Trainee: 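So that we are looking at the same thing, I have put the structure below in structure tokens.
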Amino acid sequence: MNKFKRYTVTSALPYANGPVHIGHLAGVYVPADIYARYLRLKNQDVVFIGGSDEHGVPITLKARKEGVTPQQIVDRYHEIIKNSFKDFGISFDIYSRTSNKIHHQTASDFFTTLYNKGEFIEKTSMQFFDEAENQFLADRYIMGTCPKCGAEDAYGDQCEKCGSSLSAEELINPRSVISGNKPILKETKHWFLPLDKYESELKQWILKDHKDWKANVYGQCKSWLDSGLFPRAVTRDLDWGVKVPLEEAKDKVLYVWFDAPIGYISATRELTKDWEKYWKDKDTKLVHFIGKDNIVFHCIIFPSMLRHEGSYILPDNVPANEFLNLEGDKISTSRNWAVWLHEYLEEFPGQQDVLRYVLCSNAPETKDNDFTWKDFQTKNNSELVAIMGNFINRTMVLTHKYYNGIVPEPFKDTEYEKEIRSEIKRIKHSIEKNIENYKFREALKEVMNITRLGNKYLADTEPWKLIKTDEDRLKTVLYYSIQISAISAVLSEPFLPFTAEKLLKMLDIDKPEWDKAEDFDLIKSGHKLNSAELLFSLIEDDKIEIQIQKLLRSKEMNELEKKTVLPQKDTISYDDFIKQDIRISTILEAEKVPKADKLLKLLVDTGIDKRTIVSGIAKYYRPEEIIGKQVCVLVNLAPRNLRGIESNGMILMAEDKDGSLKFISPENACGNGSVIS
RNA sequence: GGCGAGGUAGCUCAGUUGGUUAGAGCGCAUGAUUCAUAAUCAUGAGGUCGGCGGUUCAACCCCGCCUCUCGCUACCA
């Protein structure tokens with residue numbers, strides 16, 4: 001680890017449109033914090049950077065919906081996020097935000113440098129423009145009728161009714177979300193980062209030079225690189241964000257993914273005048289902690305920006321984690337299926353380390369993992385309390401009972417003490433090696449092995465018997481137990497900072513350096529220990545039950561949500577209705593469309609003719625079970641090519657709230673071609 | 001369908017360049033123990049290492065096919 005003179009550690013910027021939950025913590029902030037705390041204990045020069053990502057369209061939409069400004073939205077969540085991180089002990093050297101002036105300046109300068117070097121390519125295209133509001137409309141700002149399902153409230157990028165991804169030009173009767181007016185198409189110019197040109201250097205840098213990256217990270221990069229990169233727009237027609245520093249683009253802002261990672265740099269600038277050595281010196285090790293959804297930005301796009309700006313170093317590693325699930329289901333903000341950090345801090349006051357411990361020991365380092373409250377309780381009660389808390393308590397109580405809390409003078413080491421010394425040394429090196437390789441789960445296990453070793457030591461030497469038989473031996477055993485306690489305070493600090501602090505206070509010593517934590521003289525003989533307190537407390541069933549009930553309520557709310565029906569559509573005339581020609585038809589043949597997950601190719605007898613229809617029902621019906629079934633078919637729908645097969649009509653389906661589809665069939669057999677009206 | 005990551009004891013996970021009886025923690029069972037928040041310590045039960053085939057003297061590890069989970073992506077009217 002001596003290859004580098006200093007470290008720049010960044011953690012993904014949380015998006016300031018909601019609070020932080022355990023998924024964010026387990027994936028990014030807990031590991032990043034452990035890493036940063038460890039480096040500090042090793043007396044390394046380290047900056048640990050965080051901040052809120054405050055730009056982008058979703059924030060402007062949320063603001064509009066609530067009738068407030070985007071700034072008010074981000075102010076609100078920035079405060080919540082920042083405070084909860086602080087209370088949770090995430091030890092940022094700075095937690096900044098991208099709506100800061102210094103960030104706007106930094107991002108703007110960054111763009112200018114790339115612009116002046118001629119890195120960008122410029123492209124002009126037609127985009128929707130709201131004349132009344134005098135602004136271009138992002139895809140999310142346009143609504144219209146979905147060309148695929150006819151839903152009237154499809155967005156410019158996606159129809160939420162049918163799930164199709166769309167481009168704004170496809171919408172029928174597009175309207176501006178802002179004014180309701182019909183937008184016009186207007187020419188607009190944008191700047192693109194030519195990732196395609198960087199392909200070969202990226203291949204060299206990642207695929208050849210960084211085989212050491214985690215399998216999931218390396219694999220995903222390889223996948224992107226192998227399938228070919230394309231230029232990516234770095235500007236948008238919006239008014240919330242960092243203004244593009246060009247006269248001809250004064251109504252445009254930088255695309256949020258372009259400005260957000262620059263936020264790491266801005267925050268460092270805000271932190272120290274010396275910021276450049278953390279970003280531009282070859283002797284600095286840059287590490288980005290992120291979740292797997294961010295791999296492409298941090299491994300491909302941001303490094304390309306850094307490299308071509310010219311003066312920056314590239315990340316040495318990007319240890320991305322997978323996702324954490326909650327009680328078997330995906331964590332979801334919109335479904336309120338989450339454990340929110342700010343709520344945890346209120347409901348489990350003073351128990352930050354329990355959550356830190358559970359999230360680290362079960363961190364999704366190699367694959368998605370599951371957080372359950374039962375597991376949370378077990379890990380607290382039978383690991384933190386029973387192993388670590390218990391050993392400390394035993395040591396404290398014995399010392400107070402036999403020597404009034406005064407650390408005794410050791411008599412003579414036996415083979416056992418020599419073993420203890422070498423085992424502690426091994427554990428310490430193992431923790432170091434694992435942290436340096438981003439294996440925090442394994443490192444934490446070794447931390448627990450320290451007090452596990454202590455418990456065994458006490459059981460084997462039986463100091464409660466020695467008091468009657470061999471006091472010299474007793475003094476040695478207690479001395480060693482106290483040293484083990486002090487060592488565990490140091491080596492557990494990155495993982496359990498609150499506990500470490502409490503323990504040091506009990507032992508009444510200052511925080512020693514990491515490298516001293518293999519010497520057995522952190523506390524001198526004759527030193528007086530403070531009174532014993534419990535490091536951890538048992539968590540009873542009722543406390544866990546409350547949390548489980550809380551989640552069940554979320555589930556019930558979601559069920560209720562499912563039962564709410566869509567509002568009635570606008571009134572239509574009878575003439576509108578009878579334009580649709582719906583007939584009873586019988587399915588004659590059915591087969592899966594190759595290379596498509598959802599499609600079945602059907603031959604149906606409509607009474608009028610026998611025709612082919614392609615339908616997206618493969619997830620709900622198997623071909624063989626639907627042959628002979630009577631269904632309703634919209635027969636006069638314009639034909640459409642799907643996967644190269646012409647589909648002549650549409651099978652009418654009932655769609656449940658969970659998205660599952662069911663046929664509409666006549667109660668009794670009915671002649672093919674019967675009209676439905 | 002394509003790509004990526006996974007599928008190892010009841011649960012959560014390790015398994016280094018293929019080499020004799022596959023490991024850990026928790027949980028479980030039995031025994032020991034009392035300094036300790038019934039916590040601790042010892043011992044043990046429990047796995048055809050997702051399935052099939054191949055390479056090899058030898059495969060959890062390499063190759064092929066299949067299957068399940070997660071993510072990205074394509075296809076639903």
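Please read these numbers as outputs of a predicted model, since none were measured by experiment. As a basis for the values below, the full set of heavy atoms in this structure was taken, side chains included, without hydrogen atoms, waters or symmetry mates.
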Trainee: Would you mind pulling out the nucleotide paired to U43(B), Watson-Crick or G-U wobble, both distances under 3.5 Å?
Mentor: A29(B)
Trainee: Taking only the side-chain nitrogens and oxygens of Thr366(A), find out if one of them lies under 4.0 Å from OP1 or OP2 of A14(B).
Mentor: yes
Trainee: Answer yes if the ring centres of Phe376(A) and Phe348(A) are under 6.0 angstrom apart, and no otherwise.
Mentor: yes
Trainee: For nucleotides C62(B) and U55(B), find the distance between their C1' atoms and express it as a whole number of Å.
Mentor: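 It works out to 8 Å between them.
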Trainee: Quick one: is Lys456(A) getting a side-chain N or O under 4.0 Å of the A42(B) phosphate, OP1 or OP2?
Mentor: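 For A42(B), OP1/OP2 do have a side-chain N/O of Lys456(A) under 4.0 Å.
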Trainee: Any side-chain N or O of Thr395(A) below 4.0 angstrom from OP1/OP2 of C35(B)?
Mentor: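 So the side-chain polar atoms of Thr395(A) never come under 4.0 Å of the phosphate oxygens OP1 or OP2 of C35(B).
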Trainee: Pairing check on C57(B): which nucleotide meets the Watson-Crick or G-U wobble criteria with it, both distances under 3.5 Å?
Mentor: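 G19(B) - that is the nucleotide pairing with C57(B), both distances being under 3.5 Å.
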Trainee: I would like to know whether Tyr457(A) and Phe391(A) meet ring pair (Phe, Tyr, Trp, His ring centres under 6.0 Å); could you show each step before the answer?
Mentor: CA-CA 10 Å; Tyr457(A) 182 54; Phe391(A) 170 72; 8.3 Å; no
Trainee: Hey, does Asn390(A) reach any base, or is it just sugar-phosphate, or nothing, if we go heavy atoms under 4.0 Å?
Mentor: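 Base contact.
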Trainee: Both distances under 3.5 Å, Watson-Crick or G-U wobble: report the partner of U48(B), or none.
Mentor: none
Trainee: Remember a base hit wins even if backbone is also touched, and classify Leu637(A) as base, sugar-phosphate or nothing at under 4.0 Å, heavy atoms.
Mentor: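 Since only primed, P, OP1 and OP2 atoms lie under 4.0 Å of Leu637(A), the category is sugar-phosphate.
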Trainee: Run the salt-bridge test on Arg583(A) and Asp581(A) with the 4.0 Å N-O cut-off and return the result as yes or no.
Mentor: yes
Trainee: G4(B) phosphate, OP1 or OP2: any side-chain N/O from Lys214(A) under 4.0 angstrom?
Mentor: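 No, outside the criterion.
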Trainee: Any strand counts, and the cut-off is 3.5 Å on both contacts for Watson-Crick or G-U wobble. Which nucleotide pairs with U34(B)?
Mentor: none
Trainee: Taking atom types as modelled, is there a side-chain donor on Tyr479(A) or Glu417(A) under 3.5 Å from an acceptor on the other?
Mentor: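 On atom types as modelled, these side chains do not qualify, holding no pair under 3.5 Å.
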Trainee: Please tell me if Arg452(A) has a side-chain N or O lying less than 4.0 Å from either OP1 or OP2 of C26(B).
Mentor: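 Yes, such a contact exists.
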Trainee: Whom does G4(B) pair with, Watson-Crick or G-U wobble, provided both distances fall under 3.5 Å?
Mentor: C70(B)
Trainee: NA contact type, Val614(A), heavy-atom cut-off 4.0 Å: base, sugar-phosphate, or nothing?
Mentor: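 Since only primed, P, OP1 and OP2 atoms lie under 4.0 Å of Val614(A), the category is sugar-phosphate.
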Trainee: Would Phe495(A) and Tyr357(A) count as a close aromatic pair, with their ring centres under 6.0 Å?
Mentor: no
